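The model shown is predicted, which means the values in this text are computed figures rather than measured ones. Positions are given from 1 along the sequence.
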Amino acid sequence: MAIETVQEKNKRLTKEVQELKKALADMTDIVINKDKEIDRMRKRVETDFAGSPTYLQMCEKIKRLNAEVTLAEKRIVVLQQRCSEYSQRSAAPGLKHNERGAGRKKALSEDQIAEFEKLLQQGAGEKQLRERFGLSRSSYFLYKKRLAEKQ
C-alpha cells in the first residue's frame, strides 16, 4: 500500500465532505417534502372528518347536552331559591309548616290529649275513652302509645 500524501488526503476528504453535504441537502429536501405531505394529509383528514356525518352528529349531541346542562343549572338555582324560601318560612315565628293547614287533622286537640291522659291515668276504659272523644280503635291505641313514649 502506498502512503497517501497530504494533498491527496485533503482532496479525498474534501470530496467526502462535498458528498456528505450533498447527501445532507438531499435528506433535508426529503424531510421538508415529507413534512409538507404530512401537513396536507392532516388538513385533508381534518376536513374530511369535520364534514363527516359522525362529526356532525357529535356536534349536535354536544349542543343538546350543553343545552340540557344549562337547563339543569337553571333548575338547580330555582330549587335552591325555593329551599331558601321554605327554610325562611319555617324559621319565622307563628307560621305553620303548611300555611294552608292542609293535610290530615289530628283527632284530638292539645287540651283533649291532656284530658285523655288524665282519664287514662284514673283508670278509664278503652270503650269509655273512645266514645267520649270519638276515636277509632287504632286512634285510641295510637294516642295511648304516644303518651306511653312521652313518659
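- Taking CG of L108 as the start and CG of L142 as the end, the distance is 9.5 Å to the nearest 0.5 Å.
- To the nearest 0.5 Å, atom OG of residue S139 and atom CZ of residue R137 are 12.0 Å apart.
- A side-chain N or O of S138 and one of S136 form a donor-acceptor pair less than 3.5 Å apart.
- Considering CD of E126 and NZ of K144, their distance stands at 7.5 Å, rounded to 0.5 Å.
- Looking only at distances, no side-chain donor or acceptor of E117 sits under 3.5 Å from a matching main-chain atom of A114.
- Not one N or O on the side chain of S84 forms a donor-acceptor pair closer than 3.5 Å with the backbone of Q80.
- Between L120 and Y140, some side-chain heavy-atom pair lies under the 4.5 Å cut-off.
- Q121 CD: more than 12 foreign heavy atoms inside a 6.0 Å radius.
- By the 4.0 Å N-to-carboxylate-O rule, D39 lies too far from K43 to be salt-bridged with it.
- E115 has its side chain out of reach of K118: every pair of non-hydrogen atoms, C-beta onward, lies at least 4.5 Å apart.
- Shown are K11, R12, E19; of these, the side chain to side chain contact (heavy atoms under 4.5 Å, CB included) with K15 is made only by E19.
- Contact annotation: the side chain of K21 never approaches that of L24 to less than 4.5 Å [non-hydrogen atoms, C-beta and beyond].
- In this structure, Y55 places its OH atom where only 12 or fewer heavy-atom neighbours from other residues, nucleotides or ligands lie under 6.0 Å away.
- In this structure, the side chain of N10 does not engage the main chain of V6 through any donor-acceptor pair within 3.5 Å.
- Interatomic distance, CD of E16 versus CD of Q18, reported as 11.0 Å (0.5 Å rounding).
- Judged by the 6.0 Å and 45° rule, R146 forms a cation-pi pair with Y143.
- At most 12 heavy atoms of other shown residues, nucleotides or ligands fall within 6.0 angstrom of atom CD in Q7.
- Within the 4.5 Å cutoff, no side-chain heavy atoms of K145 are placed close to those of F141.
- Side-chain contact between I32 and K36 is present, with at least one heavy-atom pair separated by less than 4.5 Å.
- Within the model, atoms NZ of K22 and CE of M27 stand 12.0 Å from one another, a figure rounded to the nearest 0.5 Å.
- Counting all heavy atoms, side chain and backbone alike, L135 lies closest to F116 at CD1-CE1, 4.0 Å.
- The closest side-chain heavy-atom distance from K61 to Q57 is not below 4.5 Å.
- To the nearest 0.5 Å, atom CZ of residue R44 and atom CD of residue E37 are 9.0 Å apart.
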I113/L147 under side-chain contact (heavy atoms from CB on, under 4.5 Å): CA gap, chis, key distance, verdict: CA-CA 9 Å; I113 292 173; L147 290 172; 4.2 Å; yes
